[in-house]
Amino acid sequence: QKAELEVAALFGLLLVEPLHGIEPPPLHEGGRYLLVIDALDEAEYDLKNDLLKLIAREFDKLPPWLGVLVTSRPEVHIKEMLKKLQPTELDAEKHAKECDEDVRVYLDKVLRDVVPATELASAVATVARKAQRVFLYLHYLRNRIEEQGTLDVDVLPEGLAEEYVMKFERLFPKGLPEEGKERRVLQAIVAAAIPPCLSKDNPELPLMSGVAYKECKRVVSELSQLFPVRDDERVHVFHKSVTDWLTGSPPYDDRDEDSPFFVDRAAGQQMVAKACAEAPRSGYANRWALHHCAEAADWGAFACLATDLGYLEARFAAGSGATLGLELGRARGAACAAQVAPFGRFVISCMHILMHEPTAVSQLACQQPKDCAVFKVWEAQTSPGRCVLWHNKPEAEDPCLLTIQCNASVQGFGQIDGDRFVVGAGKNVQVRDGRNGELIEAFESDTDVISVAVNTAHFCAGYANGTIKVWDSG
């Protein structure tokens, strides 16, 4: 919550304020500046895309003479988030003619020094067909020219998929062994929720894959062109198309387990889930064990974690307890749903305390009614010498599912949908996650909010100075 506000404040300090403070360019002379953001769809980290949120919420504050060009795959959630900015969409398929011309212009320059002038037009046409309008293919082409100094266009791979086949054939001429170390490392990388760390002090990838640290280092070194280790000592994916191709995800969903170098993401999830469930109270496993158990549909292991008070306490102690309510909710509809549900209610109802006092899990559990599943688990997991009898504990579970602390007098409240609430408190209108109370967005004013109203399309707030503000609830 604090971090999100700090990002918005930094955006204002570093971009909005300085840009509004400079002389606008002469628009009548075509003087408009352009801010380019490449590969927005790959900016996801920790299963969130904070850059996407920032663009959607804050970029309308930039001066009108600044244009913003964003490149991304046409993913539905990205288009939904950005629609309120009313962007002009330049779809590659709808602008195929212009894209093809861009490719030809680029190739004319790149191939000029390695192809005879009499063959240049033919070579440009051949490579353009093979590239299929994918500039990453052209990036690899340029690298090939720089490394070899020559080029035979007839032996170039047909599209990006064949490019990856050729790369992996060079790395593993005998293929990937079914139970080999290379396959296990790749399965862990494609299953990982965040880029896994590969250092002696934090050997996440070895723990996830079951491959010794030195062997992990060797495999990752061989794969470094496609899976580079950056300054943070984490193994990153050079481009999302690499893992999409390996796992047979769109647009490579014609690949399956019989395809060359296929890596089964589901098998990777099962492997990582097992590794995390065996040591779930620290590091990567602490944060992501529930996620991987759910992804692997290992609901038995999921239930064991969800009902382990020590694990829940470790999550809050590590600072990742805010998402527990959402994660436990993933058990809805699963075989363990009834077993997990009381712990989901317990976590959400006590969230406002546990976020500040993570060690209070056990204390709060023993205050639950004696017939409550959470109390029974506390009783079973606590040594007899530590049991405390609470004479005035409630006889029934508290029906309150969520407590939200707003730090100001609440003047209005409304529900946008099942997962979001709007709260007017003090000088702020806040959009809160209805599953854990976490702040999603805040709209600050210089005067007090006195009312809030919500419908399916909009929410609005009335202020003490006689103004009303309306926002799109999408």
Side-chain angles (χ1 to χ4, degrees), residues 36-52 71-73 131 134-148 157 159-173 175-176 180-249 252 260-265 268-269 271-272 275 283-284 287-288:
V36 180
I37 300 171
D38 187 32
L40 179 60
D41 56 306
E42 297 198 39
E44 186 176 283
Y45 187 83
D46 199 7
L47 302 184
K48 296 181 293 183
N49 194 328
D50 291 329
L51 179 58
L52 173 61
T71 69
S72 170
R73 298 182 185 201
V134 177
F135 263 81
L136 182 59
Y137 180 98
L138 302 180
H139 165 79
Y140 289 133
L141 172 76
R142 188 180 64 184
N143 288 349
R144 185 179 279 108
I145 292 172
E146 290 174 352
E147 291 170 5
Q148 300 174 1
L160 200 55
E162 194 170 309
E163 175 76 44
Y164 289 140
V165 170
M166 291 175 64
K167 285 183 179 298
F168 272 82
E169 283 177 342
R170 286 196 296 271
L171 291 169
F172 309 108
L176 283 175
K181 297 170 183 176
E182 293 84 359
R183 183 176 294 276
R184 292 181 66 84
V185 169
L186 283 169
Q187 284 178 334
I189 292 172
V190 302
I194 61 173
C197 192
L198 181 56
S199 70
K200 284 187 176 180
D201 295 333
N202 189 15
E204 291 177 353
L205 186 56
L207 291 173
M208 294 161 65
S209 63
V211 176
Y213 172 75
K214 284 187 177 180
E215 284 298 294
C216 264
K217 288 277 286 186
R218 176 189 63 78
V219 173
V220 170
S221 177
E222 291 175 354
L223 296 166
S224 60
Q225 281 192 333
L226 299 174
F227 299 97
V229 179
R230 297 183 180 157
D231 291 342
D232 58 1
E233 298 187 292
R234 293 186 174 275
V235 182
H236 293 260
V237 179
F238 173 71
H239 194 270
K240 190 171 181 288
S241 60
V242 179
T243 53
D244 288 344
W245 174 77
L246 282 171
T247 59
S249 302
Y252 307 105
F261 305 105
F262 180 82
V263 174
D264 190 337
R265 194 191 297 269
Q269 291 289 1
M271 177 185 71
V272 176
Y284 179 95
R287 172 62 184 88
W288 297 108

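The chain is numbered in sequence order, starting from 1. These numbers come from the heavy atoms of this one structure, side chains and all, not from hydrogens, waters or symmetry mates.
For the atom pair CG of Asp264 and CE of Met271, the computed distance is 10.5 Å after rounding to the nearest 0.5 Å. Here the NE2-CD1 distance, from His236 to Ile189, works out to 11.0 Å after rounding to the nearest 0.5 Å. Going from atom CG of Asn143 over to atom CD of Gln148 covers 10.5 Å, rounded to the nearest 0.5 Å. Rounded to the nearest 0.5 Å, atoms CE (Met208) and CG (Leu198) are 11.0 Å apart. Here the straight-line distance linking atom CD of Gln187 with atom CZ of Arg265 works out to 11.5 Å at 0.5 Å rounding. Atom-to-atom distance recorded for Glu233:CD and Asp201:CG is 7.5 Å, nearest 0.5 angstrom.
Remark: Phe168 engages Trp245, Phe261 in a ring pair (Phe, Tyr, Trp, His ring centres under 6.0 Å) (not counting sequence neighbours). Residues satisfying the salt bridge (charged side-chain N to carboxylate O under 4.0 Å, His left out) criterion with Arg73, sequence neighbours excluded, are Asp41, Asp244. For Glu44, the side-chain hydrogen bond (donor to acceptor under 3.5 Å, both in side chains) criterion is met by no residue, not counting sequence neighbours. Partners of Asp38 under the side-chain hydrogen bond (donor to acceptor under 3.5 Å, both in side chains) rule, at least two apart in sequence or in another chain, are Thr71. Evaluation of the ring pair (Phe, Tyr, Trp, His ring centres under 6.0 Å) rule for Tyr213 yields no partner, not counting sequence neighbours. Not counting sequence neighbours, the partners of His139 by the ring pair (Phe, Tyr, Trp, His ring centres under 6.0 Å) test are Phe238.
In this structure a side-chain-to-backbone donor-acceptor pair under 3.5 Å is missing from Glu204 to Gly283. Between the side chain of Tyr284 and the backbone N or O of Cys197, no donor-acceptor pair lies under 3.5 Å.
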**Verdict with reasoning, Glu222 to Arg170, per salt bridge (Lys or Arg N to Asp or Glu O under 4.0 Å)** = CA-CA 10 Å; Glu222 291 175 354; Arg170 286 196 296 271; over 6 Å; no
**Message:** side-chain contact (heavy atoms from CB on, under 4.5 Å) for Leu223 and Val235? Distances and angles first, verdict last.
**Reply:** CA-CA 10 Å; Leu223 296 166; Val235 182; over 6 Å; no
**Prompt:** For Tyr140 and Leu160, what are the C-alpha separation, side-chain angles and deciding distance, and is it a side-chain contact (heavy atoms from CB on, under 4.5 Å)?
**Reply:** CA-CA 9 Å; Tyr140 289 133; Leu160 200 55; 3.9 Å; yes
**Message:** Pair Arg184, Glu215 - check salt bridge (Lys or Arg N to Asp or Glu O under 4.0 Å), show working.
**Reply:** CA-CA 11 Å; Arg184 292 181 66 84; Glu215 284 298 294; over 6 Å; no
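Inter-residue side-chain proximity for Leu226 and Tyr164 is flagged as met; some heavy-atom pair is nearer than 4.5 Å.
Listed here is the closest heavy atom pair of Tyr137 and Pro157: OH-O, 2.6 Å. Contact detail for Ala188 and Val272: the closest heavy-atom pair is CA-CG2, 4.1 Å. The shortest non-hydrogen separation linking Leu186 to Phe227 is CD2-CE1, 3.7 Å. When all heavy atoms are compared, the tightest approach of Ala275 to Leu207 is CB-O, 3.4 Å. When every heavy atom of Arg234 is checked against every heavy atom of Ile194, the shortest pair comes out as NH1-CD1, 4.0 Å. Taking both residues in full, the closest heavy atoms of Val211 and Cys216 are given as O-SG, 3.6 Å, listed atom of the first, atom of the second, then distance.
The 12-atom threshold is not exceeded at CD of Gln225, counting heavy atoms of other residues, nucleotides or ligands nearer than 6.0 Å. No more than 12 heavy atoms of other residues, nucleotides or ligands sit less than 6.0 Å from atom NZ of Lys181.
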